[in-house]
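This is the structure I want to talk about, given as structure tokens.
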2 protein chains.
Amino acid sequence: MDADTDKPDKVDIPKKAIYRLSIYHRCLQKLKATDQETVSSTTLAKAAGVTPSQLRRDLGYFGQFGTRGLGYPVDNLITTIREALGREQLQPVVLVGAGNLGSALLRYQGFQKGGFDVIAAFDARPEEARAKELEIPVHDVSMMAKFIFENEVKLAILCVPVGFAQEVANCLVAYGIQGILNFSTIMLEVPSDVTVNNVDLAMELEHLGYFIR
Amino acid sequence: MDADTDKPDKVDIPKKAIYRLSIYHRCLQKLKATDQETVSSTTLAKAAGVTPSQLRRDLGYFGQFGTRGLGYPVDNLITTIREALGREQLQPVVLVGAGNLGSALLRYQGFQKGGFDVIAAFDARPEEARAKELEIPVHDVSMMAKFIFENEVKLAILCVPVGFAQEVANCLVAYGIQGILNFSTIMLEVPSDVTVNNVDLAMELEHLGYFIR
DNA sequence: AAGTGTGAAAAGTTTCACAGCG
DNA sequence: CGCTGTGAAACTTTTCACACTT
């Protein structure tokens with residue numbers, strides 16, 4: 001799932017807990033849409049697919065926000081989680097490798113929704129990618145260094161072919177990228193202050209294969 | 001990441017280990033391409049991004065395949081893992097919801113590579129999806145029951161809008177689907193003999209947000 | 001009465017370290 | 001000698017259960 005690194009700060013908090021924070025965040029937003037002011041750990045946990053006690057423990061890592069006998073204030077909790085996830089303001093993101101999967105992801109608007117903004121894509125052959133009529137501009141990789149630096153981009157989505165993944169990742173790191181969402185099917189080697197989150201769609205399907213009889 | 005279930009059989013094997021099996025499988029295939037006959041736990045572990053002892057432990061759950069002093073026979077190990085993952089023969093898969101993300105995934109050919117065959121897609125408005133010029137046929141949802149039954153499909157990729165996800169999942173289960181790769185942003189409730197594997201792309205990005213400073 | 005916050009127990013997972021085999 | 005296979009130790013994460021607050 002993840003090949004990541006120890007952070008000097010923020011230790012002691014299980015990685016899985018951080019992951020679940022994103023789930024809670026999403027569920028809370030749905031709750032907010034229904035004008036709920038507060039929510040109990042039992043209710044939120046059910047929506048998130050975890051146990052109430054796990055939810056309380058997870059929130060406990062970040063402080064105390066609940067009112068005993070009442071529950072958690074929805075608005076307040078959303079803000080707190082946003083802050084914990086480092087999402088106070090819009091995060092710029094670049095995508096590298098606008099091939100089959102890359103351009104598919106560019107078409108998918110799901111990233112844009114939640115506080116992230118895929119502001120540009122880069123490819124070794126930008127003309128080909130541009131022919132696909134994407135909304136997001138596709139530049140030549142040679143422009144990448146300057147762009148990332150000038151826009152202070154910290155996050156990148158990596159969709160280049162396996163053979164180039166490590167090489168491109170090295171560049172990204174050199175340009176200042178701190179988090180890589182890696183769709184290529186290789187374990188990247190990066191410095192310990194860079195986080196890699198691997199998503200391997202074929203593998204997810206493979207994994208399911210084990211459970212069907 | 002996962003909301004899955006206890007299986008009556010195959011217990012005692014950590015879920016994470018099963019997940020890693022897919023990683024090993026991929027690394028072994030790369031090794032095979034370089035005509036390696038055998039591989040040591042140290043070498044394979046490095047490629048897979050795990051510790052040698054974890055690799056040995058993981059393989060140990062499924063039996064003994066190594067030769068002490070030598071390593072593991074590559075071919076043999078590939079076959080064993082394929083069997084463990086239930087991938088001896090081509091698995092048919094259907095995709096439901098050919099909207100933004102769904103059609104993106106249909107275009108992406110990555111699933112086809114490793115023993116899975118996305119044989120059909122279904123959508124509430126198939127005409128719209130067909131306009132996107134996809135290679136895989138898009139049928140009306142009304143055809144789904146018959147198709148899944150007749151082709152003995154066990155796996156489904158679910159990309160319908162959140163509001164319909166649970167409803168569609170219920171249908172899939174009723175039709176005989178045993179594993180769902182869920183791209184919708186909701187925790188599905190399914191019987192305990194059905195496995196759900198959640199992939200939430202926006203969440204993966206959100207998760208990274210925590211680690212950048 | 002309802003529901004959080006949290007020590008302490010339980011369960012699950014990884015690493016260590018080394019005996020044993022080819 | 002080199003490398004697997006595996007008990008036992010170490011560590012991590014989850015669950016339990018209940019004191020405590022509103």
(message) Return the SG to NZ distance between B/Cys27 and B/Lys32, rounded to the nearest 0.5 Å.
(response) 15.5 Å
(request) Send over the distance from A/Ile18 CD1 to D/dT14 C1', rounded to a whole Å. (result) 16 Å
(request) Can you tell me the distance, in whole Å, between the NZ atom of A/Lys16 and the C1' atom of D/dT15? (result) 14 Å
(message) Looking at A/Thr51, I'd like to know whether one of its side-chain N or O atoms comes within less than 4.0 Å of OP1 or OP2 on D/dT15.
(response) yes
(message) Per the ring-ring contact (aromatic ring centres under 6.0 Å, His included) rule, what does the pair list look like for residues 87-121 of chain A, sequence neighbours excluded?
(response) A/Tyr108-A/Phe111
(message) How many whole angstroms separate atom CG of A/Leu55 from atom P of C/dG3?
(response) 13 Å
(request) Specify the residues of residues 69-81 of chain B, ordered by number, for which at least one heavy atom lies under 4.0 angstrom from an atom of DNA chain D. (result) B/Gly69, B/Leu70, B/Gly71, B/Tyr72
Between the protein and nucleotides 8-11 of chain D, list the N/O to N/O atom pairs that are separated by less than 3.5 angstrom.
unit_1, atom_1, unit_2, atom_2, d
D/dA8, N6, B/Arg57, NH2, 3.0

(request) Run the salt-bridge test on A/Glu88 and A/Arg82 with the 4.0 Å N-O cut-off and return the result as yes or no. (result) no
(message) Looking at A/Phe164, I want to see if its CZ is surrounded by more than 12 non-hydrogen atoms of other residues, nucleotides or ligands under 6.0 Å.
(response) no
(message) Applying a 4.0 Å non-hydrogen cut-off, can you work out what A/Ser53 is touching in the nucleic acid: base, sugar-phosphate, or nothing?
(response) base
(request) Whole angstrom is fine here: how far is it from CD in A/Gln64 over to C1' in C/dG3? (result) 14 Å
(request) Could you tell me the separation between the OH atom of A/Tyr19 and the P atom of D/dT13, rounded to a whole number of Å? (result) 15 Å
(message) I'd like to know if B/Arg68 reaches the base of D/dT4 with its side chain such that a donor and an acceptor end up less than 3.5 angstrom apart.
(response) yes
(request) Report which part of the nucleic acid A/Ser41 touches: base, sugar-phosphate, or nothing (heavy-atom distance under 4.0 Å, all strands). (result) sugar-phosphate
(request) State which residue, out of A/Leu181, A/Ile186, A/Asn182, fulfils the side chain to side chain contact (heavy atoms under 4.5 Å, CB included) condition with A/Asn198. (result) A/Asn182
(request) Find the distance B/Phe62:CZ to D/dG5:P and express it as a whole number of Å. (result) 14 Å
(message) For the NZ atom of B/Lys46 and the OG atom of B/Ser41, what is their distance to the nearest 0.5 Å?
(response) 11.5 Å
(message) Please give me the minimum heavy-atom distance between B/Ile136 and B/Ala121, naming the atom from each residue.
(response) CG2-N, 4.0 Å
(request) Can you measure from CZ (A/Phe65) to CG (A/Leu77) and round to the nearest 0.5 angstrom? (result) 7.0 Å
(message) Is the phosphate of D/dG2 approached by B/Arg56 (side-chain N or O, under 4.0 Å from OP1 or OP2)?
(response) no
(message) From CZ of B/Phe65 over to C1' of C/dC21, roughly how many Å is that when rounded to an integer?
(response) 17 Å
(message) Regarding B/Tyr19 and A/Glu204, do their side chains bring together a donor and an acceptor under 3.5 Å, going by distance alone?
(response) yes
(request) Write down the distance between CG (A/Leu59) and C1' (D/dT14), rounded to a whole number of angstrom. (result) 15 Å
